[in-house]
Each structure stands twice: as C-alpha cells, then as structure tokens.
Chemist: 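Before anything else, here's the structure in question.
Keep in mind that this is a model prediction, so the values were computed, not measured.
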Amino acid sequence: MTSDAVTGPAWPELRIVQAPMAGGASTPALAAAVSEAGGLGFLAAGYKTAAAMREDIDATRRLTSRPFGMNVFMPSLDEVDAPAVAAYRDRLAPEAERLGVAPGTPAARDDDYDAKIADLLDDPPAFVSFTFGRPAPEVVRAFQGRGTVVIVTVTTVDEARSSGDADALCVQGSEAGAHRGSFTNTLDGALPLRTLLRRVRDATSRPLIATGGLATARDVAEVLSLGAVAAQAGTAFVRCPESGASAVHKAALADPRFTSTAMTRAFSGRPARGLVNRFLIEHSAHAPAAYPDVHHVTSPLRKAAAAQDDPDTVNLWAGESFREATDAPAAQVAAALAGR
C-alpha cells in the first residue's frame with residue numbers, strides 16, 4: 001500500500017478500486033480477492049439490512065486482513081407521484097403474469113440507513129463510501145474519528161464542492177454502468193468522465209477516484225495522469241468467478257446480440273446504465289422518477305427473469321466498455337487494469 005494526501009489507510013498499491021455493486025455482484029470473495037491482489041475491494045450495503053451488511057464485513061475479514069470498503073446508499077429524497085407508480089405497476093402486470101409472479105409494492109425508502117450507520121460506526125471497515133448524496137457532517141466526523149476514510153460519490157462539480165468534508169471523492173462519469181450516483185434523481189449535468197474529472201480537479205483539492213467506463217490499463221493510466229489517485233472499475237469485475245452477479249447477467253456481457261448500453265429508470269426509478277434489452281426499450285419512457293419505489297415494484301420480475309434465464313426482462317447493468325469484461329479471476333483483472 002502507498003500513502004497519499006488523505007488520513008487513515010493508504011491508497012492501494014495497484015491504484016485499482018473495485019466498484020461496490022449493490023444487488024449481488026459485490027461479494028466478500030470478490031472484495032477480498034481484489035484487496036489481496038493489491039487493489040481496494042468494496043462491499044455494497046444497498047438493498048441489504050444492517051445485519052446482512054455486517055455478515056458481509058465479517059466474511060470479508062475472514063478472507064483478508066487487508067483494507068476494504070463498504071458502500072452505503074443515502075436515503076431517497078424523491079417526492080414520489082404515487083399514482084404514477086401505481087400506473088407503472090399496472091403496466092407491468094402482463095410481464096409479471098408471464099413470469100409467474102406479481103409486481104412488488106413500494107416499501108421502506110430509507111434502505112435501513114440509520115441502522116447501517118450505527119452498525120458501521122461501532123466497528124467500521126477501513127473505507128466507507130456514500131452514493132446518492134452526502135452524509136451529515138456529524139456522520140462524516142464520526143467515521144473520521146474512528147480512522148475510517150470517507151468517500152462521497154459525485155457526478156457534478158457542484159456535488160463535489162458541497163462534499164468538502166469527505167476525505168476523498170469518487171468522480172463518476174456518464175459512461176459508468178448501473179446507477180448514476182447523483183444527489184438528485186436526474187441526468188442533469190451528466191458529463192463524460194475525462195471532462196468531469198478535469199473540472200472537479202480544478203474545483204477541489206480532495207483526492208479523487210475516477211470511475212466510468214474504465215476497462216483497460218490505458219484507461220487507468222489516463223485518469224491517473226489527469227489527477228486521480230485511483231481508478232474504480234465495476235463492469236470489469238462482473239464476469240469474474242468471485243462475482244455474485246447472476247449467470248444471465250454474466251452471459252449477456254459476452255453475448256454478441258447485446259451491442260449497446262443506455263440509461264433507464266425502467267428497473268429502479270433512478271437513471272442507471274444497462275445493456276439495451278426488450279424491457280428497457282419497451283418501458284423506459286413510462287417509468288416514473290420514483291426510487292426505490294420502482295425498484296420494489298420490479299424486484300419480483302427481475303428475480304424471476306434471472307431464475308428463468310431471461311436476459312430481456314432483467315436489469316443488465318453495464319458500463320459503456322462492457323465488451324472488455326472477461327471471466328478471469330478478480331486478482332488477474334485488477335492486475336491487468338493496473339498494467340501488471
């Protein structure tokens with residue numbers, strides 16, 4: 001590990017961060033493998049209870065003594081149009097019937113946030129990152145007081161400027177797979193990574209982690225030359241054997257019939273980038289900006305589609321460079337990204 005301008009644990013030797021991927025892809029095995037290889041592995045607390053999050057931390061610690069991180073989703077602040085969510089649920093009824101399930105119903109919107117923060121502060125990992133907003137200053141200070149490095153995901157210069165108390169910022173470009181980690185449920189101000197990284201670098205002295213479509217050693221070298229302290233990759237690790245992504249998701253990333261990605265709210269109610277499939281094409285224009293309400297509505301459909309090996313009805317999160325993803329072990333992927 002090497003030191004840098006940030007308190008707490010040093011940045012990883014390989015300068016490679018494995019992106020936290022909520023929904024199953026981020027496993028203790030994946031995070032541990034990347035950390036053991038000299039990168040920084042990350043777990044994802046999104047959609048999990050605080051207890052399940054703790055189980056993942058404990059499991060990762062059994063697999064590695066090296067630093068790793070945990071990502072937490074900030075509670076949704078969307079003002080939800082309940083009739084629009086209900087109409088979207090009705091629209092998906094035929095899809096659900098075909099799959100042999102019923103659409104889900106909106107549930108708790110805070111993702112067990114308070115319980116997760118309490119649990120993490122009691123026994124934190126080396127790094128904690130936040131997506132969909134910035135935590136309260138007292139929460140940031142509490143983690144810093146425990147020696148934990150606090151990272152906030154930002155997608156605009158304004159978000160970066162408002163997160164000055166974080167130890168580091170994860171700068172997410174528009175090429176990134178899965179959810180846009182913006183503070184609001186919008187695509188406003190979306191910029192390609194290289195452009196955004198330069199602008200954020202000019203606006204803050206915080207250490208920056210670059211993410212969005214990074215799939216090769218050349219990509220990594222470029223963002224490091226632009227001032228990032230590390231490069232974060234997600235899609236590059238989805239096909240790894242240590243990944244918990246579904247078989248249908250892993251196969252789709254290598255399937256020649258999927259040729260492009262697009263942003264959609266169809267699966268979760270928040271903009272997220274995935275492979276263009278039938279569900280995305282047919283339902284994107286009708287999905288309301290309602291997160292995590294739409295996520296709960298589509299959850300039974302997505303689980304059934306994955307179980308039935310149906311790539312046209314499941315969310316196939318992927319960054320723009322998805323064709324570069326391989327099924328190599330995570331340690332090999334991390335080394336390749338670092339040019340080793």
Chemist: Report yes or no: does T204 contribute a side-chain atom to a donor-acceptor pair with the main-chain N or O of V200 at less than 3.5 Å?
Modeler: no
Chemist: For P75, which of D111, D110, D114 qualifies under side-chain contact (heavy atoms from CB on, under 4.5 Å)?
Modeler: D110
Chemist: Do L275 and V238 land in one hydrophobic cluster if side-chain heavy atoms of ILVMFWY residues count as linked below 4.5 Å?
Modeler: yes
Chemist: Could you tell me if the side chain of E97 sits less than 4.5 Å from the side chain of P103, heavy atoms only?
Modeler: no
Chemist: Would you say CZ of R109 has more than 12 non-hydrogen atoms from neighbouring residues, nucleotides or ligands within 6.0 angstrom?
Modeler: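 More than 12 within 6.0 Å, yes.
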Chemist: For the rings on Y47 and F73, is their centre-to-centre separation under 6.0 Å?
Modeler: yes
Chemist: Would the number of heavy atoms belonging to other residues, nucleotides or ligands and lying under 6.0 Å from CD of E79 be above 12?
Modeler: no
Chemist: Between D219 and R194, is the salt bridge (Lys or Arg N to Asp or Glu O under 4.0 Å) condition met? List the steps.
Modeler: CA-CA 10 Å; D219 292 336; R194 277 75 169 172; 3.3 Å; yes
Chemist: Are M74 and T131 side-chain neighbours, meaning at least one heavy-atom pair lies under 4.5 Å?
Modeler: no
Chemist: Where do L214 and L193 land on the side chain to side chain contact (heavy atoms under 4.5 Å, CB included) test, with the steps shown first?
Modeler: CA-CA 9 Å; L214 304 180; L193 175 60; 3.7 Å; yes
Chemist: When you measure from the side chain of R265 to the backbone of A272, do you find a donor-acceptor pair of N or O atoms at a distance under 3.5 Å?
Modeler: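 Pair absent, no side-chain N/O of R265 close to backbone of A272.
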Chemist: Is a side-chain N or O of Q308 found less than 3.5 angstrom from the main chain of L99, in a donor-acceptor match?
Modeler: yes
Chemist: What about F322 and F258, are their ring centers closer than 6.0 Å?
Modeler: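 Distance test on ring centres: not under 6.0 Å, no.
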Chemist: Could you check whether T211 and Q172, counting side-chain N and O atoms only, form a donor-acceptor pair closer than 3.5 Å?
Modeler: no
Chemist: So, R89 side chain and V297 main chain: donor-acceptor pair closer than 3.5 Å or not?
Modeler: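 No.
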Chemist: Taking CZ in R218 as the centre, count heavy atoms belonging to other residues, nucleotides or ligands within less than 6.0 Å. Is the count above 12?
Modeler: no
Chemist: Measure centre to centre between the rings of W317 and H179, then say whether the value is under 6.0 Å.
Modeler: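 Yes, ring centres under 6.0 Å apart.
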Chemist: Are F68 and M53 in one and the same hydrophobic cluster, where Ile, Leu, Val, Met, Phe, Trp and Tyr link if side-chain heavy atoms are under 4.5 Å apart?
Modeler: yes
Chemist: Closer than 3.5 angstrom, by distance alone: can the side chain of S35 be matched with the main-chain N or O of P67 as a donor-acceptor pair?
Modeler: yes
Chemist: Between M70 and P125, which heavy-atom pair has the shortest distance, and what is it?
Modeler: CB-CG, 4.0 Å
Chemist: Is there side-chain contact between I151 and D167, with at least one heavy-atom pair below 4.5 Å?
Modeler: no
Chemist: For D112 and K48, run salt bridge (Lys or Arg N to Asp or Glu O under 4.0 Å): C-alpha distance rounded to whole Å, both residues' side-chain angles, the deciding distance at 0.1 Å, then the answer.
Modeler: CA-CA 8 Å; D112 209 18; K48 295 188 174 185; over 6 Å; no
Chemist: Considering all heavy atoms of both residues, which atom of M21 and which atom of S26 are nearest to each other, and what is their separation?
Modeler: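 Smallest interatomic distance, heavy atoms only, reads N-OG, 2.6 Å.
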Chemist: Within this structure, what is the CD-CD distance for the pair Q18 and E242, rounded to the nearest 0.5 Å?
Modeler: 10.0 Å
Chemist: Same cluster for Y291 and V294 if Ile/Leu/Val/Met/Phe/Trp/Tyr side chains link at under 4.5 Å?
Modeler: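 No, because Y291 and V294 fall into different hydrophobic clusters, even though each may have its own neighbours under 4.5 Å.
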Chemist: Which heavy atom of T235 sits nearest to which heavy atom of G177, and what is that distance?
Modeler: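 T235 and G177 have their closest heavy atoms at OG1-CA, 4.5 Å.
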Chemist: Using modelled atom types and a 3.5 Å cut-off, is there a donor and acceptor pairing between side-chain atoms of K116 and backbone atoms of V72?
Modeler: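 Side chain of K116 to backbone of V72: no pair is present.
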Chemist: Any donor-acceptor pair under 3.5 Å linking the side chain of S284 with the backbone of I281?
Modeler: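 Flag not set: sc S284 to bb I281 has no pair under 3.5 Å.
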Chemist: Is it true that R270 and D78 have a side-chain N and a carboxylate O under 4.0 angstrom from each other?
Modeler: no
Chemist: Do P12 and V34 come within less than 4.5 Å of each other through their side chains, counting heavy atoms only?
Modeler: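 Of all side-chain heavy-atom pairs linking V34 with P12, none is under 4.5 Å.
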Chemist: Among side-chain atoms of S268 and N315, is any donor-acceptor pair under 3.5 angstrom?
Modeler: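 The answer is no; no qualifying pair exists.
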Chemist: Quick one, D81 and Y88 - any side-chain contact, counting heavy atoms below 4.5 Å?
Modeler: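 No; the side chains remain at least 4.5 Å from each other.
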Chemist: Minimum heavy-atom separation for E159 and S162, please, with both atom names.
Modeler: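 Reported closest heavy-atom pair: O-OG, 3.0 Å.
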Chemist: Check D327 with K250, please: is the shortest side-chain N to carboxylate O separation under 4.0 Å?
Modeler: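 Judged by the 4.0 Å cut-off on N to carboxylate O distance, K250 and D327 do not form a salt bridge.
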Chemist: Going through the distances and angles, do R340 and E13 end up as a salt bridge (Lys or Arg N to Asp or Glu O under 4.0 Å)?
Modeler: CA-CA 11 Å; R340 299 291 178 88; E13 174 190 353; 3.7 Å; yes
Chemist: With the side chain counted from C-beta on, respond yes when T105 and H296 share a heavy-atom pair under 4.5 Å apart, and no when they do not.
Modeler: no
Chemist: Any link between V128 and L43 through a network of hydrophobic side chains (Ile, Leu, Val, Met, Phe, Trp, Tyr) touching at under 4.5 Å?
Modeler: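 In one cluster: yes.
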Chemist: Any side-chain donor-acceptor pair under 3.5 Å between R278 and T313?
Modeler: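 T313 and R278 do have a side-chain donor-acceptor pair below 3.5 Å.
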Chemist: Of the non-hydrogen atoms in A290 and N185, which two are nearest, and what is the gap between them?
Modeler: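 Closest pair (atom of A290, atom of N185, distance): N-ND2, 3.8 Å.
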Chemist: Could you give me the CA-CA distance, side-chain angles and deciding distance for D165 and R141, then say whether salt bridge (Lys or Arg N to Asp or Glu O under 4.0 Å) is met?
Modeler: CA-CA 8 Å; D165 54 351; R141 290 193 297 269; 5.9 Å; no
Chemist: Would you call R257 and D312 a salt bridge, using N to O less than 4.0 angstrom?
Modeler: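 Yes.
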Chemist: Between F267 and F279, does the ring centre distance come in under 6.0 Å?
Modeler: yes
Chemist: Quick check on the hydrophobic clustering: are V248 and L301 connected, directly or via other members, by side-chain heavy-atom contacts under 4.5 Å?
Modeler: no
Chemist: Give the minimum heavy-atom separation between R54 and D123, together with the two atoms involved.
Modeler: NH2-O, 2.9 Å
Chemist: A side-chain contact here means heavy atoms from C-beta on lying under 4.5 Å apart; do R273 and T264 qualify?
Modeler: no
